[in-house]
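A short worksheet on the structure shown next.
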Amino acid sequence: MDSTTTTQAPITTIAEVGRHEGETVTLRGWLYNLRESGKLLFPIFRDGSGLIQGVVAKNAVSPEIFDAVKGLTQESSVIVGGKVRADKRAPGGYELDVGNVQVLQRVSEADPYPITPKEHGVDFLMEHRHLWLRSPRQAAILRVRAEIIKAARGFFDERGFTLTDPPILTPAACEGTTTLFPVDYFEEQAYLTQSGQLYIEATAMALGKVYSFGPTFRAEKSKTRRHLTEFWMVEPEVAYATLDDLMDLAEGLISFLVKRCLERRRADLEIIGRDVSKLEKIAPPFPRITYDDAVKMLQEGHAKGAVENRFEWGGDLGSPDETYLSSQFEKPVMVHRYPATVKAFYMEPDPRRPELALCVDVLAPEGYGEIIGGSQRMASYDLLVKRIREHNLPESAFKWYLDLRKYGSVPHGGFGMGIERAVAWICGLEHVRETIPFPRMLHRLYP
RNA sequence: UCCUCAGUAGCUCAAUGGCAGAGCAUCCGGCUGUUAACCGGAGGGUUGUAGGUUCGAGUCCUACCUGAGGAGCCA
């Protein structure tokens, strides 16, 4: 017998235990909790796929087995053999009549597992993030995150997009240096990327339809439930795309992600406590409003007392403004054509009203705010040079970027979707810190 | 960077300026269907740090440290 089995019984997982009703199986995992009632023990096991309660009756097992379970400590690693039995009292529908237990490593009671099945504060949990991940809710969130990432990649792969990875180390600031993490690159100043967009504009000119999926770094001292200093973005970029094409693409992507999660991760959404009826409404078409419309809505909201400050045309939408706008719809709302002055230098002006940029922000419902930001990119060489100078950006660093407008420039555009914000919305979480295994935030670099 | 709030047992929290406590966790004992099990008992404290006011400070004052929520900025 090797070290990973204790019986001849087939190894299975808690998630698949239903296929083995009435059979004896082997489960490999950890002790989640233990309840005792004299000569009856109720150990709850977890194995990463779910939870199952075991039953150990003193008169049904050897004294060695009974005593091994009786004193067992939380999160001790165990290999358990037992018979699967359907039971209406069990939350998962099945229980395990334990016949055999092998303890791989017993957690010392002198230094017990710190996270008990009781309440804990955020700071304590974040300090123990490496262990917090073992709790059923956190594991469920990570499974939803993985599903969203898989679905996003599948969405683009099946539509003829090519994955092109932009660099993470970049030579110069794209949009100003204040938000970048500096890195020493062989005694030269480099920065961690804050967006792969400029680079995938180049790959889009080579391959037509491309996307990137990777980490992004922002050194902003933001301290809110929507911000991480290190987060993941999926960014499509499409040659010959117009703003309307981009809105169609964003709408299709978001709808697909939600549908996939409802199809494949419904049980996890229920563990998390998500009201899935709100997600079931997410399907095209999404409402599309102009920035002008948004300003009107915000001013009406202010008149009704629902928005604190009166919003004036020309400013960027603040977080409370986005929350109000998104709360007016049951689906994500796409706000397009902002004033060019509040947006990035590379956005294409609206030919009918050059003071506007051909851009779109997608605001998730239920107050989640912006999850996508995108635009049609500036195609004219001369105008782009003018904008770079107006923004006091180092022209030499953008020489390669300007080349894209010199050699066969075409209308094109793309957008970026923040994975963590999308996960937070789909899971209905209070804070993005739970959407990534090890969040990096202003005051959090450990563990 | 600014605004607000909070730091008391391993954890979650009480304590009118007057003896520093409870639940959970840990240890000991009890219980054959428990569901954050329950019942009885035990151990566990430099009240974030440094000053100050006071007969007396966990409590009031000042500074600092740490964290949380929000603003700005963004995805």
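Residue numbering restarts at 1 for every chain, and letters A, B, ... go by the order of the sequence lines.
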Legend entry - Nearest-Å distance once atom C1' is located in both B:A6 and B:A14: 15 Å
Inset, instruction - For nucleotides B:C61 and B:G29, find the distance between their P atoms and express it as a whole number of Å. - result: 50 Å
Inset, instruction - Let me know which of A:Phe155, A:Phe213, A:Phe156 forms a ring-ring contact (aromatic ring centres under 6.0 Å, His included) with A:Phe161. - result: A:Phe156
Inset, instruction - Please report, rounded to the nearest Å, how far the C1' atom of B:C74 is from the OH atom of A:Tyr368. - result: 18 Å
Inset, instruction - When you get a sec, tell me which of B:G33, B:U32, B:A36 is the closest nucleotide to the side chain of A:Asp87? - result: B:G33
Inset, instruction - Could you check which of B:G72, B:U34, B:A68 has an atom nearest any side-chain atom of A:Arg35? - result: B:U34
Inset, instruction - Counting heavy atoms from C-beta on, name the nucleotide in B:C74, B:G69, B:U34 closest to the side chain of A:His431. - result: B:G69
Legend entry - Gap between atom CD of A:Glu220 and atom CG of A:Leu442 - 0.5 Å precision: 10.5 Å
Inset, instruction - Determine the interatomic distance between P on B:C19 and the same-named atom on B:C24; round to the nearest Å. - result: 26 Å
Legend entry - Modelled atom types, side-chain donor and acceptor of A:Gln138 and A:Glu434, under 3.5 Å: yes
Inset, instruction - Describe the nucleic acid contact of A:Ser319 in one word from base, sugar-phosphate, nothing, applying a heavy-atom distance below 4.0 Å. - result: sugar-phosphate
Legend entry - Minimum-distance pair of heavy atoms, taken over all atoms of A:Leu257 and A:Ile148: CD2-O, 3.6 Å
Inset, instruction - Taking atom P in both B:A36 and B:G18, compute the distance separating them and give it to the nearest angstrom. - result: 39 Å
Filtered N/O pairs between nucleotides 47-49 of chain B and protein, under 3.5 Å:
none

Inset, instruction - Could you please name the option among B:U32, B:U34, B:C74 that lies closest to any side-chain atom of A:Asp316? - result: B:C74
Inset, instruction - Determine the Euclidean distance between corresponding P atoms of B:A15 and B:C74; express it in Å to zero decimal places. - result: 44 Å
Inset, instruction - Give the nucleotide from the list B:U1, B:U34, B:C31 with an atom nearest to the side chain of A:Gln53. - result: B:U34
Inset, instruction - Could you tell me which nucleotide pairs with B:U53 by Watson-Crick or G-U wobble geometry, both distances under 3.5 Å, or answer none if nothing does? - result: none
Inset, instruction - Just do the ring pair (Phe, Tyr, Trp, His ring centres under 6.0 Å) check on A:Tyr346 and A:Phe398 with the steps written out, would you? - result: CA-CA 11 Å; A:Tyr346 50 71; A:Phe398 290 97; 9.4 Å; no
Legend entry - Interatomic distance at P, B:C38 relative to B:U59, whole Å: 34 Å
Legend entry - For B:A6, the Watson-Crick or wobble partner whose two distances fall under 3.5 Å: B:U66
Inset, instruction - Go through B:C31, B:U34, B:C74 for me and flag the one nearest to the A:Arg226 side chain. - result: B:C74
Legend entry - Donor/acceptor link under 3.5 angstrom from A:Glu95 side chain onto base of B:G33: yes
Inset, instruction - Please determine, for B:A71, whether a Watson-Crick or G-U wobble partner exists with both distances under 3.5 Å, and give it or none. - result: B:U1
Inset, instruction - Name the nucleic acid region contacted by A:Glu235, choosing base, sugar-phosphate or nothing; use a 4.0 angstrom heavy-atom cut-off, strictly under. - result: nothing
Inset, instruction - May I ask you to say whether A:Glu322 pairs ionically with A:Arg421, meaning some side-chain N is under 4.0 Å from a carboxylate O? - result: no
Legend entry - Candidates B:C73, B:A75, B:C24 - which lies nearest the side chain of A:Glu370: B:A75
Inset, instruction - Side chain of A:Arg225 only, please: which of B:G67, B:G70, B:C74 is the nearest? - result: B:G70
Legend entry - Sugar-phosphate, base or nothing in reach of A:Ile419, heavy atoms under 4.0 Å: nothing
If you restrict it to nitrogen or oxygen atoms, what contacts under 3.5 Å exist between nucleotides 12-14 of chain B and the protein, and what is each distance?
residue: B:U12; atom: OP1; partner: A:Gly121; partner atom: N; Å: 2.8
residue: B:U12; atom: O2'; partner: A:Glu119; partner atom: OE1; Å: 3.1

Legend entry - Assigned partner base of B:C27, Watson-Crick or wobble definition, under 3.5 Å: B:G41
Legend entry - Heavy-atom donor-acceptor pair, A:Arg421 side-chain to B:C74 base, under 3.5 Å: yes
Legend entry - Whole-Å distance separating the CG atom of A:Leu445 from the P atom of B:G67: 11 Å
Inset, instruction - Rounded to whole angstrom, note down the P distance from B:G72 over to B:C65. - result: 26 Å
Inset, instruction - Taking atom C1' in both B:G21 and B:U32, compute the distance separating them and give it to the nearest angstrom. - result: 37 Å
Inset, instruction - Could you tell me whether A:Lys88 and A:Glu95 make a salt bridge, using a distance below 4.0 angstrom between a side-chain N and a carboxylate O? - result: no
